[in-house]
Engineer: 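Got a structure for you, questions after.
In listed order, ligands and their atoms are each counted from 1.
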Amino acid sequence: MALSGIQIFKLLPKTNCGECGVPTCLAFAMNLASGKAELDACPYVSEEARAQLAEASAPPIRPVKMGSGDTERTVGGETVLFRHEKTFFNAPILTAALTTDMSDDVISAKLKNWMAYQYERVGLNLRPEMVAIKDVDGSAERFAAVVNLVKDNSDFGFVLMSENADALKAGIAACDGYRPLIYAATKENADQIGPIALEKDLPLAVKGADIGEVKELTEKLTAAGHKDLVIDSGAREVKQAFEDSVALRRAALINKDRALGFPTINFPCEMADSLEMETVIGAMFVAKYGGMVVMSDFQGESVFPLLLERLNIYTDPQRPMVVTQGIYEINGPDENSPVCITTNFSLTYFIVSGEIEASRVPTWLLIMDTEGLSVMTAWAAGKFAGDAAGIFVKKSGIDEKVGHKNIIIPGYAAAISGDMEEELPGWKVLIGPREAAHLAKFLKEWKVE
Ligand code: SF4
């Protein structure tokens with residue numbers, strides 16, 4: 001049974017030392033209760049209190065870490081049914097399947113393509129993260145060879161899929177240090193597959209005929225010492241798979257059923273016979289609680305929409321996406337290049353910088369921290385006021401980079417020009433276009449005033 005923040009607070013040291021990252025034990029207790037903090041962040045909890053708190057502070061869906069390096073990801077750890085209640089934390093891992101009967105050339109070509117599917121957006125690198133290697137003939141040697149091929153040609157993490165214990169052991173040995181997901185323990189093979197994952201402390205997928213069977217398996221495996229489990233409800237029919245996905249999330253969050261409190265793995269690749277339909281099904285699992293989404297392939301037109309959907313759903317709705325305040329160089333500007341200023345709302349930045357880039361005019365772009373507000377909102381809220389913008393321009397050091405004193409402000413913020421010029425003696429504040437789409441023409445025609 002989960003404890004309230006006050007109940008947790010009573011078990012904490014109450015010294016308010018702040019070592020946990022918040023100033024008081026009460027604040028830490030509240031964070032623990034809402035799943036925003038981990039108990040280990042407080043080094044002073046007594047063993048007795050720790051035992052009592054461990055259950056209460058664990059997230060209702062266990063966070064499971066897998067992969068390594070740039071593609072290390074955590075799945076699970078979610079605390080709400082609906083994004084607008086707080087946020088979703090750990091985006092589903094996009095995974096594509098390889099089989100051991102594919103030739104090395106085919107696998108290498110696929111990996112080359114998949115590695116190229118990386119997109120810069122709002123300062124993030126959007127990309128798929130894992131491959132699922134499916135053993136088709138039980139050959140341990142071939143299974144390990146495919147793992148090595150993937151290692152040599154990509155930085156993808158691994159799902160190792162085999163019913164053969166020897167093949168799994170060979171695959172695990174080949175991807176030492178990569179923390180693969182082992183797929184899958186079933187009612188029939190859990191006694192053979194379970195110990196293999198447990199020995200190396202690796203995450204283990206659990207596949208049942210239905211949720212009831214999954215629950216029996218997770219209880220059995222948890223009792224055997226497994227902590228990091230991932231659930232496959234076994235459904236391969238879209239409606240049933242969707243219902244299972246929702247039922248699992250509700251069981252974990254509402255019924256507090258620890259036996260079902262694990263992230264899920266879903267297989268659109270086994271639910272459709274075209275990549276288009278797989279992508280639609282994959283999109284459903286990105287929206288509704290998939291921890292991992294396994295596709296038969298990635299094509300630019302399939303993976304990009306999934307990445308964007310994932311980005312949109314797994315951003316904190318209460319926190320605007322921002323870019324860092326500073327001077328951005330676009331198209332290699334020099335001392336004669338124009339200087340523009342705008343706010344740090346990420347969408348504003350990407351639209352403005354995109355237009356400047358497309359114009360090919362070398363330009364300095366100053367991004368001012370307006371707490372993630374767009375130009376008009378920031379201006380209306382007083383966060384993009386003339387005096388503040390002037391002080392920012394002075395402190396930015398842009399005057400050391402250019403030989404003129406012109407600065408172009410967004411047309412929608414024309415009202416700040418007077419205050420800005422007062423704050424920036426000698427500078428001429430030029431009012432740029434209202435719409436970023438007209439910026440290219442403006443920049444091309446700009447001359448020092
Ligand atoms: Fe309290 Fe522990 Fe945080 Fe210190 S580290 S403020 S004792 S909860």
Side-chain angles (χ1 to χ4, degrees), residues 1-70 72-91 123-124 179 201-203 218 222-223 225-230 249-263 289 291 313-325 344 369 371-372 383:
M1 179 81 175
L3 299 180
S4 68
I6 297 298
Q7 286 170 316
I8 294 172
F9 173 64
K10 287 178 184 165
L11 296 168
L12 293 176
K14 304 186 196 68
T15 56
N16 300 331
C17 68
E19 282 187 45
C20 53
V22 290
T24 64
C25 295
L26 182 59
F28 184 64
M30 293 303 170
N31 284 349
L32 267 184
S34 61
K36 287 186 201 156
E38 299 236 343
L39 185 58
D40 287 346
C42 172
Y44 305 113
V45 186
S46 69
E47 281 309 313
E48 194 188 336
R50 185 175 292 277
Q52 288 183 56
L53 286 168
E55 171 81 358
S57 64
I61 298 175
R62 183 174 174 81
V64 175
K65 199 176 276 188
M66 59 188 81
S68 70
D70 285 350
E72 182 184 280
R73 292 291 184 276
T74 297
V75 286
E78 304 302 339
T79 57
V80 292
L81 272 177
F82 303 106
R83 175 180 177 269
H84 62 260
E85 292 177 79
K86 187 159 67 179
T87 184
F88 292 163
F89 294 101
N90 294 307
L124 300 169
R179 195 165 170 73
D201 189 27
L202 295 175
T218 58
T222 306
H226 290 269
K227 292 195 177 92
D228 291 338
L229 299 176
V230 172
R249 175 65 64 97
R250 293 180 71 85
L253 296 192
I254 296 176
N255 303 339
K256 312 282 182 209
D257 189 338
R258 290 283 185 205
L260 296 176
F262 297 100
Y289 312 145
I313 291 176
Y314 283 80
T315 50
D316 187 340
Q318 295 167 38
R319 226 183 275 169
M321 297 185 77
V322 299
V323 290
T324 310
Q325 173 171 283
N344 76 331
D369 182 1
E371 298 175 15
K383 295 187 188 303

Engineer: State whether the number of non-hydrogen atoms from other residues, nucleotides or ligands found under 6.0 Å of E85 atom CD is greater than 12.
Structural biologist: yes
Engineer: Give the residue and atom name of whichever protein heavy atom lies nearest to atom 4 (Fe) of ligand 1, and the separation in Å to one decimal.
Structural biologist: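 For this ligand atom, the closest protein heavy atom is C17 SG, 2.3 Å.
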Engineer: Quick test: of every protein heavy atom, which one is nearest to atom 2 (Fe) of ligand 1, and how far off is it to 0.1 Å?
Structural biologist: C42 SG, 2.3 Å
Engineer: Distance under 6.0 Å and angle within 45° of the ring axis: does R249 meet both against F88?
Structural biologist: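 Here R249 passes the 6.0 Å and 45° test against F88.
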Engineer: To which protein heavy atom is atom 6 (S) of ligand 1 closest, and what is the distance rounded to 0.1 Å?
Structural biologist: G18 N, 3.2 Å
Engineer: To which protein heavy atom is atom 1 (Fe) of ligand 1 closest, and what is the distance rounded to 0.1 Å?
Structural biologist: C25 SG, 2.2 Å
Engineer: Out of all atoms in ligand 1, which are within 4.0 Å of some heavy atom of N16? Include the element for each.
Structural biologist: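 Contacts of ligand 1 toward N16, numbered from 1: 6 (S).
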Engineer: Is it the case that atom CG in N16 sees more than 12 heavy atoms from other parts of the structure closer than 6.0 Å?
Structural biologist: yes
Engineer: Taking the side chain as every heavy atom from C-beta outward, state whether N90 and E78 have any pair of such atoms under 4.5 Å apart.
Structural biologist: yes
Engineer: Starting from atom 3 (Fe) of ligand 1, which protein heavy atom do you reach first, and at what distance in Å?
Structural biologist: C20 SG, 2.3 Å
Engineer: Which one holds for V45 and ligand 1: side chain close, backbone close, both close, or neither close, with close meaning a heavy atom under 4.0 Å?
Structural biologist: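 It is neither; nothing of V45 touches ligand 1.
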Engineer: When you measure from atom 8 (S) of ligand 1 to every protein heavy atom, which one gives the shortest distance, and what is it?
Structural biologist: F28 CD2, 3.4 Å
Engineer: Could you check if a side-chain atom of L53 sits within less than 4.5 angstrom of a side-chain atom of I8, using non-hydrogen atoms only?
Structural biologist: yes
Engineer: Run the salt bridge (charged side-chain N to carboxylate O under 4.0 Å, His left out) test on K65 and D228 for me, step by step, so that the C-alpha distance in whole Å, both residues' side-chain angles and the decisive distance to 0.1 Å come before the verdict.
Structural biologist: CA-CA 8 Å; K65 199 176 276 188; D228 291 338; over 6 Å; no
Engineer: Within a 6.0 Å radius of atom NZ on K14, are there more than 12 heavy atoms belonging to other residues, nucleotides or ligands?
Structural biologist: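 More than 12 within 6.0 Å, yes.
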Engineer: Within the 4.0 Å heavy-atom shell around T15, which atoms of ligand 1 are there?
Structural biologist: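 Answer for ligand 1: 7 (S).
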